[in-house]
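In what follows, a single structure is set out as structure tokens and then discussed.
What you see is a predicted model, and the numbers here were worked out from it, not measured in a lab. Reminder, nothing fancy here: chain letters follow the sequence lines and each chain counts from 1.
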Protein chains: 2
Amino acid sequence: MDQYANSTLFSVINAGKSLEQDLSEALGRIGLSMAKYGALCVLAASAEPLPLSVCARRMTCVRSNITQLMDRLAADGLIEREADPLDRRSVRAKLTSKGAELQLAGDQICSDIESDLAGLFEAQEAKILRSTLHRIS
Amino acid sequence: MDQYANSTLFSVINAGKSLEQDLSEALGRIGLSMAKYGALCVLAASAEPLPLSVCARRMTCVRSNITQLMDRLAADGLIEREADPLDRRSVRAKLTSKGAELQLAGDQICSDIESDLAGLFEAQEAKILRSTLHRIS
DNA sequence: TGTATTTAGTTCATATAATAATTATTATTA
DNA sequence: TAATAATAATTATTATATGAACTAAATACA
């Protein structure tokens, strides 16, 4: 928004929202949301099926959220729940082959956006951009 | 997230989320959410009560969202709805005095965070940061 | 003037996220 | 071992966001 032109706070927040919307729209075209893609990435990065509480920690969100998200992912056929015989409280999620495929498609979408972004900056600017942003988060 | 260290896309998205969370928590301490504070700002920036559809446009969101948000703000005693005698379809929202006060308190919170941020960067870095971010959104 | 279109706002359905409360199971410890 | 703690997941409630369908009112236009 224009009234925030001199605000670093809202420059960052608004740019983040703008990119999130771009990514969200592109993911939407292959049937994914940000939340769903994030969960698929967490599962894809693990060699083993993951307990839902581990997913919650890695996605920096609460467990009840993961329960619902996994419900939706399971309804889409992208993950499966499996019981953990060593701890009967635990439920572990694993990607289906369809889930693994969609995760890769999501990665490609991120790469495409990253390429578009690269065209906006000089190399030195991009370096400073990432350096300053990493001090924030 | 560490796996995104080389991604400008996620550097921006994550930094945005991080600041949004800081702001959101600080606003929460005075009873506001990001959405509520945003609506109060739109109303505070206007000399006149605003039709809800104008609020929706300025907040870049859909009208049904504004209906619900104004319901909650009205329940908090922060805004009032009033009929527009010139167009009987239209409903206009205006700040109550309590709403105007809380909006100012929110502004102060933003200023404080902005000051904290300023300490993270050299002047030249801050300039490049804002310049590059504005090319994104 | 009367019909069609547009606009304003609301309601409903759904997705997403958080918190609190609940259940089942495991771990601790007196 | 029995009572207590902690942990894993779920359910329920609330806030926030979107889109579709709906009602009422204003506008266009034939």
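- The span of DNA chain D lying next to chain B, judged by atoms under 4.0 Å from heavy atoms, is bounded 5' to 3' by D:dA15 to D:dA26.
- For the helix from C:dT1-D:dA30 to C:dT25-D:dA6, the end axes, each set by the C1' atoms of five terminal pairs, are bent relative to each other by 20° (nearest 10°).
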>> Pair A:Asp87, A:Arg92 - check salt bridge (charged side-chain N to carboxylate O under 4.0 Å, His left out), show working.
In response: CA-CA 10 Å; A:Asp87 185 343; A:Arg92 296 187 305 178; over 6 Å; no
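- B:Val91 and B:Val62 are members of different hydrophobic clusters when ILVMFWY side chains are connected at heavy-atom separations under 4.5 Å.
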> Checking side chain to side chain contact (heavy atoms under 4.5 Å, CB included) for the pair A:Asn65/A:Met59: CA distance, chi angles, key distance, verdict?
Replying inline: CA-CA 10 Å; A:Asn65 198 348; A:Met59 295 183 67; over 6 Å; no
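- Cluster annotation: A:Phe10 is connected to B:Leu120 through the hydrophobic network of ILVMFWY side chains, with a link wherever side-chain heavy atoms come within less than 4.5 Å.
- Pairs passing the salt bridge (charged side-chain N to carboxylate O under 4.0 Å, His left out) check and including a residue from residues 31-56 of chain A, sequence neighbours excluded, read A:Lys36-A:Asp76.
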> What do the steps show when you test A:Leu40 against A:Ile79 for side chain to side chain contact (heavy atoms under 4.5 Å, CB included), and what is the final call?
Replying inline: CA-CA 8 Å; A:Leu40 296 184; A:Ile79 67 109; 4.1 Å; yes
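- Between the side chain of B:Ser137 and the backbone N or O of B:His134, no donor-acceptor pair lies under 3.5 Å.
- For the residue pair B:Ser131 / B:Arg135, a side-chain donor-acceptor distance below 3.5 Å is found, with atom types taken as modelled.
- Hydrophobic cluster membership of B:Ile128, counting Ile, Leu, Val, Met, Phe, Trp and Tyr whose side-chain heavy atoms lie under 4.5 Å apart directly or via other members: A:Ile128.
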> Base, backbone or nothing for each nucleotide of nucleotides 7-15 of chain C, written B, S, -, heavy atoms under 4.0 angstrom, 5' to 3'?
Replying inline: BBBBBB--S
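- Base orientation at D:dA26 is anti, since its O4'-C1' glycosidic dihedral falls outside 90° of 0.
- Under the side-chain hydrogen bond (donor to acceptor under 3.5 Å, both in side chains) criterion, A:Asp107 pairs with A:Tyr37, A:Gln103, sequence neighbours left out.
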